[in-house]
Amino acid sequence: MASTLADQECEACTSADEPLTEDEYANYLTELDDSVWEVVDEYYLEGTYEFEDFRDALEFTYEIGELAEEEWHHPDIHLTWGKVRVEMWTHKIDGLHKTDFVMAARMDRIHEDYEPD
């Protein structure tokens, strides 16, 4: 799933920023893989990626960890056999920011390499 959202900058927010409302994040959500991502309690993004085995799930976890370090935007990552669950929100504003959706779109892009042929 190619996404223009994935090509956008991860912009740092300030503590003066307000969390996005449902109306504000609705368009961003449409650019994410809807079989993976959902907004929970209008507070955070949660996504679950599936894999054929533990090795692929582990490698994906490493790749999104590197992305998080590069962008200095760190999700909660839960690794199990054949699945990686990601929870993401912007701690500084205690809610969702556009950067959360940009990061999710980039994770979707990384996951494309793990989809079965």
Side-chain angles (χ1 to χ4, degrees):
M1 158 180 273
S3 172
T4 58
L5 189 59
D7 297 323
Q8 295 183 24
E9 294 288 323
C10 284
E11 299 174 8
C13 69
T14 69
S15 54
D17 290 340
E18 293 291 324
L20 297 174
T21 65
E22 185 175 2
D23 287 339
E24 292 170 324
Y25 67 66
N27 286 334
Y28 300 139
L29 191 57
T30 65
E31 290 198 52
L32 302 182
D33 184 337
D34 63 358
S35 70
V36 171
W37 293 103
E38 67 178 329
V39 173
V40 178
D41 297 330
E42 295 185 30
Y43 178 72
Y44 66 95
L45 274 171
E46 181 175 281
T48 302
Y49 292 98
E50 296 192 8
F51 300 87
E52 292 186 354
D53 54 34
F54 185 80
R55 168 70 61 196
D56 284 351
L58 180 61
E59 288 178 9
F60 176 77
T61 299
Y62 178 79
E63 285 192 59
I64 64 174
E66 287 295 312
L67 172 64
E69 278 293 290
E70 180 181 307
E71 295 298 342
W72 201 247
H73 193 63
H74 302 93
D76 292 348
I77 305 170
H78 309 272
L79 168 66
T80 60
W81 195 99
K83 289 186 182 179
V84 175
R85 184 168 51 86
V86 180
E87 296 173 0
M88 192 163 27
W89 69 96
T90 300
H91 297 266
K92 187 179 277 186
I93 60 171
D94 200 31
L96 290 168
H97 186 270
K98 179 181 177 182
T99 295
D100 300 308
F101 293 88
V102 171
M103 289 288 289
R106 290 183 183 180
M107 290 178 201
D108 285 349
R109 185 175 283 167
I110 292 168
H111 186 252
E112 289 175 357
D113 291 338
Y114 294 93
E115 292 177 356
D117 294 332

(message) As an exercise, state the distance from NE2 of His74 to CG of Leu67, rounded to the nearest 0.5 Å.
(response) 9.5 Å
(request) Quick one: closest heavy-atom pair of Tyr43 and Leu96, and the distance? (result) O-CG, 3.5 Å
(message) With a 4.5 Å cut-off on side-chain heavy atoms, are Thr90 and His73 touching?
(response) yes
(request) Spell out, as yes or no, whether a donor-acceptor pair under 3.5 Å connects the side chain of Thr48 to the backbone of Arg85. (result) no
(request) State whether Asp17 and Lys98 are salt-bridged, where the test is any N-O pair (Lys NZ or Arg NE/NH1/NH2 against Asp/Glu carboxylate O) under 4.0 Å. (result) no
(request) Report yes or no: do Phe54 and Tyr62 belong to one cluster of Ile/Leu/Val/Met/Phe/Trp/Tyr joined by side chain heavy-atom distances under 4.5 Å? (result) no
(request) Search all heavy atoms of Asp100 against all heavy atoms of His97 and return the closest pair with its distance. (result) OD2-N, 2.7 Å
(request) With rounding to the nearest 0.5 Å, note down the distance linking CE in Met103 to CG in Leu45. (result) 11.0 Å
(message) Is the shortest side-chain heavy-atom distance between Glu87 and His78 below 4.5 Å?
(response) yes
(message) Is there a side-chain contact between Met88 and Met107 in this structure, where contact means two heavy atoms from C-beta onward sitting under 4.5 Å apart?
(response) yes
(request) Compare every heavy atom of Trp81 with every heavy atom of Glu52, then report the nearest pair and how far apart it is. (result) O-CH2, 3.3 Å
(message) Has Asp56 got a side-chain atom pairing as donor or acceptor with Asp53's backbone, closer than 3.5 angstrom?
(response) no
(request) For Tyr114 and Glu50, indicate whether the former's side chain and the latter's backbone hold a donor-acceptor pair under 3.5 Å. (result) no
(request) Could you pull out the closest heavy-atom pair between Ala57 and Thr80, with the gap in Å? (result) CB-O, 4.1 Å
(message) Main chain of Leu32, side chain of Asp108: is a donor-acceptor contact present, judged purely on distance under 3.5 Å?
(response) no
(request) State, to 0.1 Å, how close Asp94 and Pro19 come at their nearest heavy-atom pair, and which atoms those are. (result) O-CG, 4.3 Å
(message) Check the orientation of Phe51 and Phe60. Use parallel for under 30°, tilted for 30 to 60°, and perpendicular for over 60°.
(response) tilted
(request) Please examine the side chains of Tyr28 and Val39, heavy atoms only from C-beta on, and report whether any two atoms are closer than 4.5 Å. (result) no
(request) Answer yes or no: is there a side-chain heavy-atom contact under 4.5 Å between Leu20 and Phe101? (result) yes
(message) Any non-hydrogen side-chain atom of Val86 less than 4.5 Å from a side-chain atom of Trp37?
(response) yes
(request) Quick one: do Trp89 and Asp76 satisfy side chain to side chain contact (heavy atoms under 4.5 Å, CB included)? Show the steps, please. (result) CA-CA 9 Å; Trp89 69 96; Asp76 292 348; 3.6 Å; yes
(message) Hydrophobic cluster membership, with links at side-chain heavy-atom distances under 4.5 Å among I/L/V/M/F/W/Y: are Ile93 and Leu29 in one?
(response) no
(request) Check Glu71, Glu63, Glu31, Glu66 against Arg106 for a salt bridge (charged side-chain N to carboxylate O under 4.0 Å, His left out) and give me the one that passes. (result) Glu71
